[in-house]
Amino acid sequence: MYNRKEIMAKLAKLDDIVSLCRRRGFIFQSSEIYGGLASCYDYGPLGAELKRNVRNAWWKHVVQMRDDVVGLDCSILMHPMVWKASGHADKFADLVTVCKKCNTRTRVDHLQDSREGTAEEHTEHVDIETEAARPHDLAGKVCPACGTVGQFTPPMAFKLMFETQMGANVDDTMTLYLRPETAQGIFANFRNVLDSTRVKVPFGIAQIGKSFRNEVTTKAFIFRTREFEQAELEFFCKPGTDEQWYEHWKQQRFDWYLNLGIKKENLRFRDHDPDELAHYAKACVDVEYKFPFGSGDWQELEGIANRTDYDLRQHQRGIRTMNDWYESKGDLTKISLKAESEDYLKGPLAYFDEEARERYVPYVIEPSAGVDRSTLAFLVDAYDEEEVKGEQRNLLRFSPALAPVKAAVFPLVKKDGMPDIAMNIYNDLKKQFTTFYDEKGAVGRRYRRQDEAGTPYCITVDGQTKKDNTVTVRERDSMEQARVNIDQVKTFLREKLDL
RNA sequence: GCGGGCGUAGCUCAGUGGUAGAGCGUCACGUUGCCAACGUGAAUGUCGUGAGUUCAAAUCUCAUCGCCCGCUCCA
């Protein structure tokens, strides 16, 4: 825990970062010219590069470098039955009540009973239709904030999925949902990938894309937003091998953050307690980062779950329910999923393992990362202030792979032919790296500006360049300079940047 | 949604009823030979938005929007 002073210092740090993000074009408030739109943010020129680098680093680690993972890019809108089968349509809602005495909002299923001293067991999302209709006896419940018994408002329901209409003809539209997770698109395409890609279990399908959740409350800059980007892997494996794959991905994903420069002391695992697990999950662990907001506490970047064979089996039930769906004219609330077939092991989403000569529905290990969250973590972790000759230097110590700009090229002064030489170097480098050219003002200022953008290297053409064809290469973190032959600059950068 | 704090230039902020300001940043020109240099000049504001009180509102009142902190959620 932190004392008040430390918390204020942390908050000040986040404010500094938010301010820098805006000032340097990393992240803007959405629709700002119209007063802003809550919970929505836009990535500016530097932020777009940074976020794309985060995505690419994830894809490289999870797909490109692996022999057992393939990629996918699904549409955001999917058949409504997907969400019936996944459980989101019925259960992706919270029932919340407010204590009249202290105005604290609490989920109904989290309330303790004064008579029994226990909360209801499950912490899952409730079935909104049946639950809201059911009379709730809150008379004996205790407010966790002020201890008052039985002073609650009637429960309110929150729908956590965004709805939208497909079809321009108003008389003939269908209600669809913006996906609340990318995972279901992977499960829905499991058969397609199997049939078209010659993959064999164990293998994974990865996807990066936007998801939408009508969060009750948003939080902390881009940390919790209603529109957000996920990077998810569903790794399919044979039942019985799931625990070792779970451990494997735990380690893989943790190391990914460390290798991209997150400080070890700011990253940790947090295992979910058994009673905290969703009913389908056998195990779940969060990768948490010590963000400088909230009460200075750890916040989740990524969840890694053992989802068992739940999702694939649910979708087999969903497929069997299609007739009911047609008959109900698409009203999801009027139908319930058909029971599982007795020979579900022969269903379309089951797998025949030729080596073992047996059928099974694969177990799934799911590492699910928040792209915006990790982008924020990389920003926060890279941010540094230090004093140089009495002046404050702000810099972002990005890993080279994440740095929005890899190198900047300057003429020391704007004369004696230096700009031409520098421009030639720039034109050559930009074919390979995101490069920036600047010839305005004092060179010291240009260095500092690049520090704030997190550019690892600055290349300066100076008076000596014309004599011996060398340039100064200045390193961001140490501010040290080395002379490098112009012909060697590209090789030098490639080695140093490891790109 | 409820409680607390806040909203003035790109950023940080001053301005408590009487002509909208400072520092930093940005741009131009000159100067400048390696770490936010210097000189001169310039641009930039619906004072979050709307209404009300007033001869006069950034300032007082009300509403509204947005942000931050807490409660809930969770990638």
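Lettering follows sequence order; numbering is per chain, from 1. Please read these numbers as outputs of a predicted model, since none were measured by experiment. Just so it is clear, the values below take in all heavy atoms, side chains as well, and ignore hydrogens, waters and symmetry mates.
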- Which part of the nucleic acid does Glu229(A) contact within heavy-atom distance under 4.0 Å: base, sugar-phosphate only, or nothing? nothing
Check: What is the ring orientation for Phe235(A) with Trp245(A), classed by angle as parallel under 30°, tilted 30 to 60°, or perpendicular over 60°?
Finding: tilted
* Rounded P spacing from rG10(B) to rG45(B) in Å -> 8 Å
Side-chain contact check for Ser19(A): nearest option of rC67(B), rC34(B), rC11(B) is rC11(B)
When Lys414(A) and Arg270(A) are each assigned the nearest nucleotide of RNA chain B, the 5'-most assignment goes to Lys414(A)
In Watson-Crick or G-U wobble terms, with both distances under 3.5 Å, the base opposite rC38(B) is rG30(B)
Here the distance between atom P of rC34(B) and atom OH of Tyr457(A), to the nearest Å, is 23 Å
Identify whether any heavy atom of Ala442(A) sits under 4.0 Å from a base atom; if not, whether one sits that close to sugar-phosphate; answer base, sugar-phosphate or nothing.
base
Go through His315(A) and Val82(A) one step at a time and tell me if the side-chain contact (heavy atoms from CB on, under 4.5 Å) criterion holds.
CA-CA 7 Å; His315(A) 284 297; Val82(A) 168; 4.0 Å; yes
Q.
For the C1' atoms, the ones on rU49(B) and on rA14(B), what distance do you get once it is rounded to whole angstrom?
A. 23 Å
Original post:
Which whole number of Å gives the distance between the C1' atom of rA58(B) and that of rA9(B)?
Top reply: 14 Å
Rounded to whole Å, the CD-P distance (Glu480(A) to rC35(B)) equals 14 Å
May I ask you to decide if the ring planes of Phe162(A) and Phe212(A) are parallel, tilted or perpendicular, using 30° and 60° as cut-offs?
perpendicular
| query | What integer number of Å spans the C1' atoms of rA63(B) and rG25(B)? | reply | 36 Å
(Q) For the P atoms, the ones on rA20(B) and on rU46(B), what distance do you get once it is rounded to whole angstrom? (A) 14 Å
message: What's Glu302(A) touching, base or sugar-phosphate or nothing? Going by heavy atoms closer than 4.0 Å.
response: sugar-phosphate
Roughly how many Å apart are rU44(B) and rC11(B), using the C1' atom of each and rounding to a whole number? 13 Å
Phosphate contact (rA36(B) OP1 or OP2) by Arg446(A) side-chain N/O below 4.0 Å: no
rU61(B) -> Watson-Crick or G-U wobble partner, both distances under 3.5 Å, gives rA51(B)
pair_partner(rC13(B)), Watson-Crick or wobble, both distances < 3.5 Å, evaluates to rG21(B)
Query - rC67(B) OP1/OP2 closer than 4.0 Å to side-chain N/O of Gln29(A) - result: yes
- [ ] May I ask you to check if Arg253(A) and Trp256(A) form a cation-pi contact, with NZ or CZ under 6.0 angstrom from the six-membered ring centre and within 45° of the axis?
- [x] yes
Check for me whether Lys496(A) meets the cation-pi criterion with Tyr457(A), that is, NZ or CZ under 6.0 Å from the six-membered ring centre and within 45 degrees of the ring axis.
no
note: Arg483(A), atom CZ; rC34(B), atom P; distance rounded to Å ~ 12 Å
When both distances are under 3.5 Å in a Watson-Crick or G-U wobble arrangement, the nucleotide paired with rA56(B) is none
note: Ile208(A), atom CD1; rA75(B), atom P; distance rounded to Å ~ 17 Å
Lys51(A) atom NZ is separated from rA75(B) atom P, nearest whole Å, by 17 Å
>> For rC34(B), does the base pair up with any side-chain atom of Thr472(A) as donor and acceptor (N or O, under 3.5 Å, distance only)?
In response: yes
(Q) Is it the case that rC74(B) (base atoms only) and Arg213(A) (side chain only) share a donor and an acceptor within less than 3.5 Å, ignoring hydrogens and angles? (A) no
Closest to the side chain of Arg224(A), out of rC35(B), rA37(B), rC73(B), is rC73(B)
What does Leu301(A) touch in the nucleic acid at a heavy-atom separation under 4.0 angstrom: a base, only the sugar-phosphate, or nothing? sugar-phosphate
Using atom P in both nucleotides, what's the gap between rU40(B) and rC24(B) to the nearest angstrom?
13 Å
By the Watson-Crick or G-U definition, both distances under 3.5 Å, rG70(B) is matched with rC2(B)
Pairwise P distance for rU53(B) and rU19(B), with rounding to whole Å
23 Å
Paired to rA43(B) by Watson-Crick or G-U wobble criteria (both distances under 3.5 Å) is none
Side-chain N or O of Arg445(A) less than 4.0 angstrom from OP1 or OP2 on rG25(B)? yes
For His61(A) and Trp249(A), take the angle between the two ring planes, folded into 0 to 90°, and tell me which bin it lands in: parallel under 30, tilted 30 to 60, perpendicular over 60.
perpendicular
(message) Looking only at side-chain N and O atoms, does Asp372(A) offer a donor or acceptor that is under 3.5 Å from a partner on Tyr41(A)?
(response) no
- request: Look at all strands and tell whether Val413(A) reaches a base, only sugar-phosphate, or nothing, counting heavy atoms closer than 4.0 Å.
  value: base
Whichever of Gly370(A) and Arg22(A) has the more 5' nearest nucleotide on RNA chain B, that residue is Arg22(A)
To the nearest angstrom, the CG-P distance between Asn394(A) and rG25(B) comes to 13 Å
Winner on side-chain proximity to Lys440(A), out of rC11(B), rA28(B), rC34(B), is rA28(B)
Is Tyr447(A) stacked on the base of rA36(B) when the test is centres under 5.5 angstrom and planes under 30 degrees?
no
From NE2 of His272(A) across to C1' of rC74(B) the rounded distance in Å is 9 Å
Taken to the nearest whole Å, CD/Glu181(A) to C1'/rC73(B) is 15 Å
May I have the step-by-step check of side-chain contact (heavy atoms from CB on, under 4.5 Å) for Ile205(A) and Phe236(A), ending in yes or no?
CA-CA 8 Å; Ile205(A) 303 177; Phe236(A) 302 94; 3.9 Å; yes
